[in-house]
Amino acid sequence: MSESAQGERKDQLPEWVNVAIIGAGPGGIAAAIKLREAGFDDFVILEREAQAGGTWHNNRYPGLSCDVPSHLYSFTFEPKHDWSRPFASRGEIHPYMQHCVDKYGVGPHIRYGVGVVAARWNDVAHEWTLTLTDERTVTCKILISALGMYNQVQMPDIPGRDSFQGESWHTARWPTGADLTGKTVAVIGSAASAVQMVPEVAKVAGRLHLFQRTATWVMPKEDTPYRADELEAMRRDGSIATRLRGE
């Protein structure tokens with residue numbers, strides 16, 4: 001059984017643990033790795049989803065990619081030298097996160113399908129009590145929140161939205177197999193997700209309407225895929241990625 005699979009044993013959740021981390025996204029993964037490096041092994045990661053990766057697991061809309069250069073986004077302690085392009089897509093970033101979980105032995109510490117609904121501090125015992133979605137509790141001395149910024153979906157409060165007869169969803173809950181070919185599509189908002197998603201939807205939609213409250217400032221995205229010889233040079237010489245990271 002792989003280390004990732006071992007982490008799926010949510011029935012092995014401890015009642016007391018020294019350190020509890022909420023979230024197995026990039027922040028939670030990094031915190032766990034650094035705890036192990038420092039000699040701490042009595043910790044658990046509570047992840048409500050079925051896989052690690054955080055936003056890179058939850059999101060899957062068309063065009064999803066990193067909005068900062070890939071070589072800058074990856075962990076300093078685990079550089080990836082052969083990103084296929086300057087701004088990597090989810091298809092590369094999510095496996096990279098899983099690679100870090102497996103390589104650094106974080107998997108056995110993760111409990112998937114375990115959400116945290118409350119955290120209460122006991123000022124006498126100097127402990128946290130975490131209440132989970134299934135009403136079980138976990139007590140810990142140290143609590144690390146690695147929730148990230150995008151774990152809650154915010155739908156616009158528009159009159160008539162509940163009675164709308166067509167399909168509708170949030171980019172963070174993009175349905176598997178959604179096909180917008182030839183359809184009339186309305187997009188509300190023009191922030192980072194829209195900047196990535198709208199150009200891809202425009203390629204297949206019959207008509208596309210974008211509703212924005214405030215215009216977003218954008219610059220040309222220089223995202224030409226690396227050539228085969230460039231990738232081979234990066235694999236041979238790690239200083240190339242280091243230099244790109246510093247630019």
Side-chain angles (χ1 to χ4, degrees), residues 1-38 40-61 64 66 73-75 77-78 80 88-120 127-154 169-178 193:
M1 181 181 293
S2 70
E3 291 178 338
S4 297
Q6 291 181 47
E8 295 175 359
R9 297 175 179 171
K10 64 180 181 180
D11 57 315
Q12 294 184 358
L13 191 66
E15 294 183 1
W16 191 96
V17 68
N18 193 29
V19 183
I21 301 172
I22 304 177
I29 293 170
I33 292 172
K34 291 303 177 180
L35 280 172
R36 296 203 72 206
E37 286 183 357
F40 294 95
D41 204 51
D42 184 17
F43 68 89
V44 67
I45 305 175
L46 307 175
E47 171 55 55
R48 69 180 181 183
E49 302 295 338
Q51 290 185 30
T55 188
W56 299 107
H57 167 68
N58 294 333
N59 288 273
R60 55 198 68 212
Y61 57 80
L64 175 57
C66 192
Y73 190 80
S74 51
F75 295 131
F77 54 80
E78 185 60 28
K80 177 175 167 60
S89 70
R90 176 188 184 271
E92 286 188 274
I93 298 174
H94 190 223
Y96 166 77
M97 293 297 168
Q98 189 59 57
H99 159 79
C100 293
V101 167
D102 294 336
K103 178 177 178 178
Y104 291 92
V106 172
H109 294 271
I110 304 177
R111 299 298 180 266
Y112 296 106
V114 178
V116 178
V117 296
R120 293 181 175 83
E127 294 177 336
W128 288 95
T129 297
L130 311 180
T131 303
L132 311 180
T133 48
D134 60 6
E135 298 184 352
R136 286 185 293 174
T137 61
V138 173
T139 302
C140 63
K141 280 289 187 182
I142 300 170
L143 175 62
I144 299 175
S145 175
L147 293 177
M149 299 183 291
Y150 308 114
N151 59 85
Q152 295 293 333
V153 170
Q154 180 65 46
W169 57 76
H170 194 284
T171 52
R173 298 293 183 268
W174 198 273
T176 301
S193 297

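Side-chain atoms are counted along with the backbone in the values below, which use heavy atoms only and exclude waters and symmetry mates. Every value quoted in this text rests on a predicted model; they were computed, and no experiment measured them.
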Show me, pair by pair, the donor-acceptor contacts under 3.5 angstrom made by side chains of residues 43-56, not counting sequence neighbours?
residue: Glu47; atom: OE1; partner: Ala24; partner atom: N; Å: 2.7
residue: Glu47; atom: OE2; partner: Glu49; partner atom: N; Å: 2.8
residue: Arg48; atom: NH2; partner: Asn151; partner atom: O; Å: 2.5
residue: Thr55; atom: OG1; partner: Asn59; partner atom: ND2; Å: 2.9
residue: Trp56; atom: NE1; partner: Tyr73; partner atom: OH; Å: 2.8

Separation of His99 NE2 from Ile29 CD1 (nearest 0.5 Å):
11.0 Å
Looking only at heavy atoms, the pair that brings Gly27 and Ala146 closest together is C-CB, 3.9 Å
Can you see which heavy atom on Trp128 is nearest to which on Ile142, and at what distance?
CD1-C, 4.5 Å
Return the orientation label for the Trp169 and Trp174 ring planes: parallel under 30°, perpendicular over 60°, tilted otherwise.
perpendicular
Closest heavy-atom contact between Leu13 and Val114?
CD2-CG1, 4.4 Å
Just wondering, more than 12 heavy atoms not from Glu15 lying within 6.0 Å of its CD?
no
To the nearest 0.5 Å, atom CZ of Arg111 lies from atom CD1 of Ile21 at 12.0 Å
One should read off an interatomic distance between Leu35 CG and Ile144 CD1, to the nearest 0.5 angstrom, of 5.0 Å
Quick check for you: to the nearest 0.5 Å, what is the distance between Asn18 atom CG and Asp41 atom CG?
11.0 Å
Search all heavy atoms of Phe75 against all heavy atoms of Cys100 and return the closest pair with its distance.
CD1-SG, 3.8 Å
Closest heavy-atom contact between Val17 and Val138?
CG1-CG1, 4.1 Å
Intermediate values then yes/no, side-chain contact (heavy atoms from CB on, under 4.5 Å), Lys103 and Ile33:
CA-CA 10 Å; Lys103 178 177 178 178; Ile33 292 172; over 6 Å; no
Check: Arg136 side chain, Thr133 main-chain N or O, donor-acceptor pair, under 3.5 Å:
no
For Phe40, the ring pair (Phe, Tyr, Trp, His ring centres under 6.0 Å) test, sequence neighbours excluded, returns none
Nearest-0.5 Å distance that lies between atom CZ in Arg173 and atom CZ in Arg60:
10.0 Å
Nearest non-hydrogen partners of Gly105 and Pro108, listed with the distance:
O-CD, 3.5 Å
Could you measure the distance from the CD atom of Glu78 to the OH atom of Tyr104? Nearest 0.5 Å is fine.
3.5 Å
